[in-house]
Structure formats: C-alpha cells, structure tokens
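By convention in this document, chain letters (A, B, ...) are assigned in the order of the sequence lines, proteins followed by strands, and residues within each chain are numbered from 1.
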Amino acid sequence: MDSQHRSPEYSSLLLAGPRAGPLKQAHARLVVTGHGHSLPLITKLATLAVAAGAAPYAHLVATSHPAPDAFLFSSLTRAAAHRSLPRAALAFYRRLLSAALPFSSFTFTAVAKACADLSALRTGKAIHAHSLLLGFGSDRFVLTSLVVLYSKCGQLAVARSLFDAIRDRSVVAWNAMISGYEQNGLAERGIEVYKEMQVAEAVPDSMTFVATLSACAQAGALDLGREVERRIVSERMDMSVFLGSALVNMYARCGVVDKAREWFDMLQERNVVTWTSMIAGYGMHGHGHEAIKLFRLMRREGPPPNHVTFIAVLSACAHAGLVTEGRDAFACMRRVYGLVPRVEHYCSMVDMFGRAGLLDEAMQFVHDYIPGEPGPEVWTAILGACKMHKNFNLGVEVAERLIALEPENPSYHVLLSNIYALSGKMHHVEKVRNTMIKRRLKKQIGFSLIELGGTSHLFRMGEKSHRQTREIYQYLEELVHRITAAGYMPETESVLHELEEEEREGALRYHSEKLAVAYGLMMSSGSTTPIRVIKNLRICGDCHLAIKFMSAVENREIIVRDKHRFHHFKDGKCSCCFSNLNSTKTDHGVPLLISHNGASGDYPDCTDLAYQKEVTDGAAVIDCALQVTKDGSSIDLKDVSTVVTSQFASLAVVIEDIKHVAEVYTLNFNWEDIANNLKSNRPPRKS
DNA sequence: CTAGGGTTAG
C-alpha cells in the first residue's frame, strides 16, 4: 500500500522474495548503488535468504556488516526457527550473545522452538535459564514455547509446571499441552487437559480438536471423539485437511472403520496422511482387501504414497494373507516411488511370508533383499513364523541368535522359552527361566482396560482389588466351563511362558484380558453392543483362543485392541486370522466406552516418581533464576540462596544449570562465591 | 525506511 514510500532497493528485495538467486542479484544492486551497509536493507535481504533456505549465505551477509545490530540477528534467529533450520537459529542466537547485543522475548520463543526441533534438552535448559536471567520468566509466549520444548524432550512434568505458571493461557498454550501429552503416549492426560480447558471456559480452535482427536485415537476414547466431532460439526469449523485426517484417524483407530470411511469420502481435501490413516484403519481391523483396494485407488488418483503408507499396506497384506499383493506393493515401492525400504518394511514382508506358512520364502527374502546383517526385528518376525508353524529347530536357532545379539533383553529369553514349551521340552523352559531369574530379567507387566458407565476398570493378571472380584472370578469360572464344553482346550504349554505376557503357572485363566472381557460380559448380559477391551501388550495365544469361543457361546462381538492391532471376535472367529476370515463386518451401534492409558496414568509404575523429581528440580531452577536481576550482571546472593535452600534437594542441579548458561554464553559470575554462599545457607538437617 | 511470537494429522 505504501510502496511509493519505499525505496527502489527495498522494493527490489520484496520483488525477489524468498528465492536465493534473485536475492543475490538484488544484493549486488545494493552494493553497486551504495546501500551495501544499510542495516534495514541488509536485514531484509538476509531474512529473506533464510526463508529461502540459504542460511549460510544469510550468515555471511549479516556477519560481513561492520556494525550488525540486535534487530538483524533476532530477525534471522526467528526466520531460521520458523523455517525449521534449528542449527542456523542457534548460530544466529550465539552471534547476539558474542556481540553482547540485547535480547528480546521474541528471540527466546524462536530459539526455544529450535531446541524443541532438535530435542536438545541440555541447550534448551540453558536457554530457559538464560531467559529467566533476563527477566522473561513470566512472558506467556516464552513460557508456551518452553512447554513445547520440554514436551518434545519428554519432560512432561516440567512442561506441565511451566504451563501451570502461564497466567491468562492462550489457546495455543492449551493446544501445546494437550499435544505434548499425546505425543508422549500420555493420551489420557491430554484428554484431561482438554476437559480442564472446558472448565476454564477457554475457547478451543481447530488445532485443539486435532490434538484432542489424536489423543482419543491413541486412548481409544471413542465417546469423547464423537463429542469432539459433534462440536466440530455444530460450530461449522473449517474442515482443514488436518482436522479431516484427525477424524478419519480417530474413527479408524477406535475401531469404527465405516465411519472413518464416511468422513474420508466426505472430505474436500485428502493428502497422504488421510489416505494412509484410512488404509491403516482397514489393515488393523483385518480388512486386507479393502486396504488393497484403497491403495490401488490412491495409486491411480491420490497423492504419492510414502514410507508410512507402505508400512500400512504391507502390514494389511501380512494379516490378510495377501502374499501376491504384498509382493507387488513391495516391488513398486522402490521402482515407482523411489522409496528405500526400511526395517519396518522388511519385517512386514517377513511377517507376511511367515504367517502364510512360507518359511522358506521368508528366509529367502531375508537373504536376497535385506542389505547387511538383519537386525533383531527381522529375526523376531522369523521367530513368530517358526512359532506359528511349529518349526522348532529353526526357532531355537533364531532365538539363540537374538539372545546373543542382546543378552539383557528379557523378551528374547521369553521367546526362546516359548519355543521350547511349544516343542514340549519343559526342562529347557525351566533352564531359560532360571537364567532370567539369575540375570534379574523381568517381563513387562500387562494390563487390560474396559470402561463401563464412564468408569475405567483396569485389570492385571490375577487382579483381586476390584470390589466385584468374587463375582468376576465366579463368572469367569463358569465361562471357562462353557467354552470348554464347546471345545476349548487351554494352550497350556505355550501359555506357561507366553510372549510378553503375564506369567505365573496355573494362573493362565486369569490373564488380564480374560478378566476384562468377563467383567464386560457380566455387566452387560442381554445387550448386543460389542465388548471393547484395550490391552497394553500383545494378546496371548490362549486368551485369543478363549475369547474366540466366548464370542460364540455368548453370541457377542468382542473387540480387543492390543499393542499392534484390533481383534474383532465374532461367532468363534477373529478378524486377525485370515484363515478364518469369513465375516468382515465391522462393529456398529454404541459400543461400551473404552479408555486406555498408553504409559503411566493411573497405572502404578516408576514414572510418577521420576515426575516428582523433575518437578522439584525444574521449580528450583525457575525460582532461583527469577531472583537474578534483569540485566544478568549481578546476583543478589542472599535472595538466591533463600529460594534455593528452600528447595534443598536440587541445589546441585541449580548451580549446574546456571553454570552451563554461563559457560555457553560467557556470562561472568563468581561461581565459587555463589556455591559457598548457597551451601552456608543450607537449612539445618532434621535431627 | 525494518516483524512480530508459541500450537496441528499416520
């Protein structure tokens, strides 16, 4: 609008835009016309160069200026962070430091994002401390960027404490916190934040819904997913490709494939993620043919598939026994799309041959296609096939190879003992067991969840803490009698030491998934809605068989989502086994609400302890640095020590963190004085 | 003569 007020030089820069070639021409013009030292022009030039991806050139332009100012380097820092050039952003930030130029909060948001992109926790902490030293400790933009930083580095407790410290939280801050939990596998906590947001009457935007739907997908929280969908529709939100994909993904991963497809068809815009989510949804539920059909359509009229698409396609083929289709897909991956297969693709292929009983082909594939020495993932896939098709000699060989590769990994010992158990060599099973005990190797603990009437019920093997324990066990006993009468035979030997499974002899009938399913059936007899259970590990072979029978004798659809996929049990069959896949009908109607926590949540493990420690340390750093005066030149030692000694446990951490800031950013403090002062002001120990 | 921040899908 005011282009007539701008100099021709400035206009020529704008005209060049974020393109390296034209920018260099404009640069030449600046030099020739004598504007080569104009800071505003050089700033615009260098910033555009960063936007063009030419960070080294921008760096050269900026540093060759005789008197660069703060505006120049902070603009460059921002531009680089924005273009996801984190290393360049940090380099420009260091220029500001070494030139002793002033900082603004804008610089910190940029450089925090750069650290987040790099997952650089140590540098990120130093930048955090530095921002505190300069008095930006309560800037809501800086705090939000730090929430993202600590989330990306897996430090959720620190992220949360910073989030809590934000006064007047913006929707961006809420979104960052929801997505932070979700990305770290703590979907339940993300959902809690979404609910807190409602209570706080903060206004959500489309990113809020995208993040929340992802959390729902991860947690299997179908009811909340539907609620979010209703809001999206009733508020007439713009259906961006992000939002659309999030909806497809939510429905697909919650097991409502038809609804996922409805959205998929309805969307105006579909990209590779939308297509991949839908294909993966089909594959996960055993609809291999649908997956392939959609993949073919994608090849004809969709965006080019990528690595993730091929993982979905190959896994769908493996589970549906579509060997020819899988082979074709694998072949076109590199030839047509130039994608180099990764270990996941190799594993899916091996798994595919293995499941189809083509063990020789699997071995041949490993030999012909996998470059170098195959990794443990590939051997594990081979082993799965050996187990399935009872090839004990090869199985033992492979398991021993795996143990040699990673002696401390408990799951390989479990696999070996499974093979021995299946082949009836019980004395070998005992030997492996003893080895595990001697080396203190423990299996992961499994649990299953079912949500009824808005309350989530968690079961571990042999769980006795539920208030209806007696009824549940009684119900399960009766159920086992009935399925036994129908022909069920416990897979005793294999279950005795099942893969990644709850163990303890004689307790196989009380595996967590059996308890959860029994509870669901008991509490809803007479109903026709499917039973939905989520398990954190893979379902065990015996439970798989038992639940097939349960679906028949109870005439109920039972859906179990395990670590890898969905199992739709109906009429004595499961959707995951292509050999008995006759009915491919998906669920419909209102299912029992299921909730699930991916990692810690209510489930007692060591995570919460770790959280406690983080909170203390993080709070101490913040409190301490807040006591430091704004220009960073002097510290009131008394104030610092008062605060820090109240957080006595984390004294060392505080000193270390601030020291690190000083080293990197050449701030001159007298560390010995500070340390001594802090120590002498320690509170008396409790007697 | 110079901008303007932090958050999204498999």
Side-chain angles (χ1 to χ4, degrees), chain A residues 2-11 13-14 35 38-48 51 69-72 74-79 81-82 104-114 116 136 139-149 151-152 159 162-163 166 169-180 182-183 193 204-218 239-250 252-253 260 263 267 269-281 283-284 305-313 315 344:
Chain A
D2 55 349
S3 59
Q4 64 267 43
H5 303 299
R6 277 204 281 262
S7 65
E9 287 73 24
Y10 192 75
S11 300
L13 287 174
L14 288 185
H35 294 85
S38 154
L39 261 178
L41 290 174
I42 288 298
T43 303
K44 192 69 193 172
L45 169 71
T47 310
L48 282 169
D69 64 354
F71 188 84
L72 172 60
S74 75
S75 295
L76 292 177
T77 310
R78 267 183 15 80
H82 188 74
S104 79
S105 61
F106 288 84
T107 321
F108 285 107
T109 55
V111 91
K113 175 178 152 44
F136 297 117
D139 182 285
R140 62 196 201 120
F141 290 106
V142 174
L143 280 168
T144 305
S145 67
L146 290 170
V147 168
V148 176
L149 165 70
S151 296
K152 288 259 162 77
L162 289 168
F163 173 76
I166 304 174
R169 279 171 221 151
S170 67
V171 64
V172 179
W174 286 103
N175 296 352
M177 198 66 245
I178 295 170
S179 140
E182 189 270 322
Q183 300 275 329
V193 175
D205 65 4
S206 77
M207 281 197 202
T208 316
F209 294 135
V210 170
T212 306
L213 285 170
S214 293
C216 293
Q218 194 186 110
M239 194 45 68
S240 71
V241 69
F242 281 99
L243 197 51
S245 303
L247 277 164
V248 170
N249 179 44
M250 186 277 291
R253 285 183 59 193
W263 269 112
L267 294 178
E269 194 189 346
R270 291 177 279 265
N271 65 10
V272 61
V273 178
T274 330
W275 285 85
T276 303
S277 295
M278 194 62 238
I279 292 171
M284 240 186 275
N306 65 13
H307 277 106
V308 188
T309 317
F310 277 99
I311 294 171
V313 170
S315 143
E344 299 96 311

(request) Classify the nucleic acid contact of Val273(A) as base, sugar-phosphate or nothing, counting any heavy atom under 4.0 Å across all strands shown. (result) base
(request) Tell whether Ser105(A) reaches the base of dG5(B) with its side chain through a donor-acceptor pair below 3.5 angstrom. (result) yes
(request) May I have the distance from His82(A) (atom NE2) to dG6(B) (atom P), rounded to whole angstrom? (result) 7 Å
(request) Rounded to the nearest angstrom, tell me the gap between atom CE in Met278(A) and atom P in dA9(B). (result) 19 Å
(request) Could you check which of dT2(B), dT7(B), dG5(B) has an atom nearest any side-chain atom of Pro40(A)? (result) dT2(B)
(request) Indicate, with a heavy-atom threshold strictly under 4.0 Å, whether Thr276(A) touches base, sugar-phosphate, or nothing. (result) base
(message) For a quick check of understanding: with a heavy-atom distance under 4.0 Å over all strands, which category does Ser38(A) fall into, base, sugar-phosphate or nothing?
(response) base
(request) Check the distance between dG5(B)'s P and Phe136(A)'s CZ and give it to me in whole angstrom. (result) 16 Å
(message) Side-chain N or O of Asn249(A) versus OP1/OP2 of dG10(B): is the shortest distance under 4.0 Å?
(response) yes
(message) Just the rounded figure in Å: distance from P of dG10(B) to CG of Leu243(A).
(response) 13 Å
(message) Among dG6(B), dT8(B), dT2(B), which nucleotide has an atom closest to any side-chain atom of Phe71(A)?
(response) dT2(B)
(request) Walk me through it: do Asn249(A) and Leu213(A) pass the test side chain to side chain contact (heavy atoms under 4.5 Å, CB included)? (result) CA-CA 8 Å; Asn249(A) 179 44; Leu213(A) 285 170; over 6 Å; no
(request) Look at all strands and tell whether Val241(A) reaches a base, only sugar-phosphate, or nothing, counting heavy atoms closer than 4.0 Å. (result) base
(request) Check the geometry between Phe141(A) and dG6(B) and answer yes if their rings are stacked (centres below 5.5 Å, planes below 30°), otherwise no. (result) no
(message) Run the salt bridge (charged side-chain N to carboxylate O under 4.0 Å, His left out) test against Lys44(A) and tell me which residues pass, sequence neighbours left out.
(response) none
(request) Would you kindly check whether a donor in the side chain of Asn175(A) faces an acceptor in the base of dG6(B), or vice versa, at under 3.5 angstrom? (result) no
(request) Give the rounded distance in Å between these two atoms: CG of Leu247(A) and P of dG10(B). (result) 12 Å
(message) With a 4.0 Å cutoff (strictly under), does any side-chain N or O of Gln183(A) reach OP1 or OP2 of dT8(B)?
(response) no
(message) Checking contacts here: which listed nucleotide (dT8(B), dA9(B), dA3(B)) is nearest the side-chain heavy atoms of Ser179(A)?
(response) dT8(B)
(message) Against Leu162(A), only a single residue in Leu146(A), Val148(A), Thr144(A) fulfils side chain to side chain contact (heavy atoms under 4.5 Å, CB included); can you say which?
(response) Leu146(A)
(request) Using side-chain contact (heavy atoms from CB on, under 4.5 Å) as the criterion, list what pairs up with His307(A), not counting sequence neighbours. (result) Met333(A), Leu339(A), Arg342(A), His345(A)
(message) Rounded to whole Å, how long is the line connecting atom CE of Met239(A) with atom P of dA9(B)?
(response) 16 Å
(request) Could you please name the option among dG5(B), dT7(B), dG10(B) that lies closest to any side-chain atom of Asn306(A)? (result) dG10(B)
(message) Classify Thr274(A) by what it touches in the nucleic acid, base, sugar-phosphate, or nothing, heavy-atom distance under 4.0 Å.
(response) nothing
(request) Verify whether one side chain among Thr107(A) and Ser74(A) offers a donor that lies under 3.5 Å from an acceptor in the other. (result) no
(request) Would you state whether a donor and an acceptor, one from the side chain of Thr109(A) and one from the base of dG6(B), lie under 3.5 Å apart? (result) no
(request) Classify the side chain of Thr144(A) versus the base of dG5(B) as yes if they form a donor-acceptor pair under 3.5 Å and no if they do not. (result) no
(request) If the plane angle is over 60° it's perpendicular, under 30° parallel, otherwise tilted; pick one for Phe163(A) and Trp174(A). (result) perpendicular
(message) Tell me the interatomic distance from Lys44(A), atom NZ, to dT2(B), atom C1', rounded to whole angstroms.
(response) 7 Å
(request) Could you tell me the separation between the CD atom of Glu182(A) and the C1' atom of dG10(B), rounded to a whole number of Å? (result) 11 Å
(message) Please confirm whether the shortest side-chain N or O distance from Ser277(A) to OP1 or OP2 of dA9(B) is below 4.0 Å.
(response) no
